[in-house]
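A quick write-up on the structure given underneath.
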Amino acid sequence: MHKKILCKAVIFTIIITLSAFPANAVEVKDNYDIIIAGAGTGGISAAIQAASMGVEVLVIEPSSMLGGQAIAAGVSNMDDFSSQSSGIYAELISRVEEYYSARGKSIHTTYWDTWHRAFEPHIGRKILNEMARGEDAPDIIYRSEIIAVGKEKVISVTGENISEAPRINSVIVRTPEGVKNITCKILIDATEYGDILPLSGADYRAGNSITPNINPDAMIQDITWTAVIRKYPDGIPEHLRPKTPLPSYDMERYNFVNYVTKDGSSFMGVFPVKIPVNVISHNAYRGLPDSFSEYNYDASPHNWHLITKTSINWANDFPGQSKWGKKYGLPVSYLEDRNLRKRAERDALIKTLNFIWYMQNELGESWSVDENEYDELQEAAKDFPAEWQVIARHLPPVPYVRESRRGVGIHTLISEELFKNSESYRTGNGNNEFQDAIATGCYMLDLHHTDIDADMEADLGEKAAYIQQHKPIHDFQVPMSILIPKSVDGLLFAEKNLSMSRLVSGALRLQPITMMTGQAAGALAAVAVIRNIQPRFVKPLHVQAALLKSGVNLTLCPYSDVPPGHKYYAGVQISNLYRLLEPKKYPVVQSRDIQVEKPEEFTGIFGVDEILSTEERNSLMKRAEEISGTPITLPEGNITRGEAVDFVVKEIEKL
């Protein structure tokens, strides 16, 4: 229960600039339990999860559509090496596959193999919109932005826990209808840039610097303004073939010829990729299903010539090989200075449009933008020549931003921790799982430039060599502690804004994992609201229980005798995280290859139906008391190991 000892002091910093935006259909209320800044992959997942738990949620999105990097920015090739999918991300993929399967088409069209999955942005948008609707649906407003954050100075007391951190209690939002003050209990920063962090007063990192000493000249990763293009077998329509390249073409051409040429190499399944590649290999790299083609294809090499739709997201990284001044990447001032951000994004847009010119005129290919994708002229393109505005309006409305500000949480995750966590069960070292795990995923430590020692956080001990030395060897977990600010209450981090090093952000910034961590942020916020406590006081088990009920997988150790859907699946997962009961057999794989085995080959045995021994009974009750702080007595008589952990977990949940 909260005790407000000090009087409230509401603090606002207001900079109001009215814009003529189209109106939203939602009638925004004066108060919400949870406000989420950003309807990207993390924000919309947080909203769906929190709303499903019965709290009132408002999502505020600056662009015209939801989906963030996966849809609004056009990166609909799923970057996912995980052996399993779960939660809201799994539901999205399941619905996507159902849609294409009904039309006789594969979603395994990308990254030169049939492992990965992709979808057309307009289909992803349709499905995600459907998922965000329903009886328990969040309110979503577009072309709107939080411009100020209100805080109250209070002391929060929960049991023996005390927090004197300032607490966020309201926001000021600029909408197409005007400026509105809205109160809330929890605010989640799921923006693409971490734009709420400086407004909130929370400490944050940008590049290798940290508040209050943010270095505007520190470097962050390239951005990309992607494009979805399609093949026109009968020739490109005249209105989709500009006559003149945009300025800077000659300089950007240097980037293009380094990646794809007429006589480039064919990708032969060997990494690193030998560049430049030929056109067919380029198109197969980010191939997409094509709802409007008569052909079905997947990413098998013999099908590459059939691909009629792909994404431009490789040779057009900005600034890419051209550098920013004398350095690779973009300066932190891209995040901090809105005017510089606009200039950089305009140049990124021009670079992508010039790649389309290069493809049409120097490679001689009959490809141009797909008019079935997007139909909105970006602000950055409104002074372009008319022939280029026709093309630009069918590009995504926002760029793909790989690196944002990162909040300073009650814990900051570094690459060594992520690596050791991913080793769990796979190198004979047993269980290295995070007890407060709220998501799982799998990806490499992937930085687009800015990958030298000078770009790393010295205070966290990170080094460029760790890109390989600490590369996760398979699935990893994300701890709840990196979602919670160290210095501010009433705030949570989501999307790419988590408390982590730059190297860790290279693994946690991709669409599947941002959806998973976003869903967790939504669950954490909802639990805090329902229990009327601050997120820092929420027990991880209560959030984990909510996520497990929503179909999220939390453990790195699957058991052949406890598959998903088993009546004790949730209890066994919690047992794994908290070491309640040792399994009968852990799986072990002696390999660093993140795709070495088929998922079904990596399984242990929990012994779910075996009778609990006296020794196990005593050990389980002792461990349960250590976790809960309260004695928990198992029922008398013979019970199975599955029944035992299920009983204990439910008893702890009640506390």
Side-chain angles (χ1 to χ4, degrees), residues 84 86 411 417 420-426 428-440 475-481 520 523-524 527 538-588 602-655:
Q84 56 192 331
S86 68
H411 177 70
E417 294 173 297
K420 288 182 177 179
N421 176 253
S422 75
E423 283 189 307
S424 293
Y425 319 113
R426 295 180 179 273
N429 293 326
N431 184 340
N432 298 321
E433 295 195 304
F434 296 134
Q435 186 169 292
D436 64 337
I438 41 76
T440 64
D475 290 7
F476 51 71
Q477 296 166 312
V478 180
M480 189 175 89
S481 53
L524 172 54
V527 170
V538 171
K539 295 182 184 298
L541 182 61
H542 293 143
V543 179
Q544 291 162 337
L547 291 170
L548 287 166
K549 289 174 184 175
S550 297
V552 174
N553 180 75
L554 297 176
T555 184
L556 299 178
C557 183
Y559 295 109
S560 58
D561 58 335
V562 195
H566 191 284
K567 61 181 178 179
Y568 298 135
Y569 184 67
V572 169
Q573 287 210 32
I574 295 297
S575 175
N576 230 52
L577 297 178
Y578 291 83
R579 283 82 164 171
L580 292 176
L581 199 60
E582 282 291 300
K584 292 298 181 179
K585 177 186 175 184
Y586 282 121
V588 177
F602 182 73
T603 56
I605 299 173
F606 185 76
V608 68
D609 294 324
E610 295 185 22
I611 298 298
L612 190 72
S613 70
T614 301
E615 182 180 353
E616 289 172 334
R617 174 186 289 269
N618 294 335
S619 174
L620 177 56
M621 289 192 293
K622 180 181 178 181
R623 180 61 181 147
E625 184 173 354
E626 290 173 352
I627 294 168
S628 65
T630 302
I632 293 177
T633 303
L634 288 166
E636 295 294 330
N638 289 336
I639 60 172
T640 66
R641 288 162 54 88
E643 290 171 333
V645 294
D646 182 67
F647 176 85
V648 166
V649 169
K650 287 177 179 176
E651 289 299 301
I652 296 175
E653 276 186 59
K654 296 175 184 177
L655 301 176

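As the structure is a computational prediction, the values presented were derived from the model and not from experiment. Index from 1, following the sequence.
- Of the inter-residue distances, the one linking Ile639 atom CD1 with Phe647 atom CZ reads 8.0 Å to the nearest 0.5 angstrom.
- The backbone N or O of Thr603 lies less than 3.5 Å from no partner atom in the side chain of Ser560, so there is not a single donor-acceptor pair.
- Checking side-chain atoms of Glu643 against main-chain N and O of Asn638 turns up no donor-acceptor pair under 3.5 Å.
- Remark: the Asn553 side chain and the Ser86 side chain contain no N/O donor-acceptor pair separated by less than 3.5 Å.
- Formation of a donor-acceptor pair under 3.5 Å by the Thr555 side chain with backbone atoms of Cys557 is found in this model.
- Between Lys654 and Glu651 there is a salt bridge, since a side-chain N of the basic residue sits under 4.0 Å from a carboxylate O of the acidic one.
- Counting all heavy atoms, side chain and backbone alike, Gly607 lies closest to Asp561 at N-OD2, 2.7 Å.
- Separation of atoms CZ (Arg623) and CD (Glu582) is listed at 11.0 Å; rounding is to 0.5 Å.
- Not one N or O on the side chain of Ser619 forms a donor-acceptor pair closer than 3.5 Å with the backbone of Glu615.
- Distance check: Ile574 CD1 to Lys650 NZ gives 12.5 Å after rounding to the nearest 0.5 Å.
- Nearest heavy atom pair, residue Ala523 against residue Leu547, reads CB-CD2, 3.7 Å.
- Pro558 places none of its side-chain heavy atoms less than 4.5 Å from the side chain of Tyr425.
- The two residues Leu554 and Ile438 come nearest to each other via the heavy atoms CD2-C, 3.5 Å.
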Inset, instruction - Would you check, one step at a time, whether the test side chain to side chain contact (heavy atoms under 4.5 Å, CB included) holds for Val478 with Thr440? - result: CA-CA 6 Å; Val478 180; Thr440 64; over 6 Å; no

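- Scanning all heavy atoms of the two residues, the minimum distance from Leu634 to Leu620 falls at CD1-CD2, 4.0 Å.
- Nearest heavy-atom pair, Gln544 versus Gln435, reported as atom, atom and distance to 0.1 Å: NE2-O, 2.9 Å.
- For Gln477 (side chain) and Ala437 (main-chain N/O), no donor-acceptor pair under 3.5 Å exists by modelled atom type.
- In this structure, Gln573 CD and Glu433 CD are separated by 8.5 Å, a value rounded to the nearest 0.5 Å.
- Closest approach of Ser481 and His411 over heavy atoms only: OG-CB, 3.4 Å.
- Arg641 places no side-chain N or O within donor-acceptor distance of the main-chain N or O of Glu616, the cut-off being under 3.5 Å.
- With values rounded to the nearest 0.5 angstrom, Tyr586 atom OH is found 5.5 Å from Tyr559 atom OH.
- Atoms OH and CG, on Tyr569 and Leu548 in that order, are 8.0 Å from each other to the nearest 0.5 Å.
- Side-chain atoms of Asn432 never come within 3.5 Å of backbone atoms of Glu423 as a donor-acceptor pair (strictly under, hydrogens ignored).
- With hydrogens and angles disregarded, no donor-acceptor distance shorter than 3.5 Å links the side chain of Asp475 to the backbone of Leu556.
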Inset, instruction - List the steps and the verdict of side chain to side chain contact (heavy atoms under 4.5 Å, CB included) for Leu581 and Leu612. - result: CA-CA 10 Å; Leu581 199 60; Leu612 190 72; 3.9 Å; yes

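- Contact annotation: the side chain of Leu541 never approaches that of Leu655 to less than 4.5 Å [non-hydrogen atoms, C-beta and beyond].
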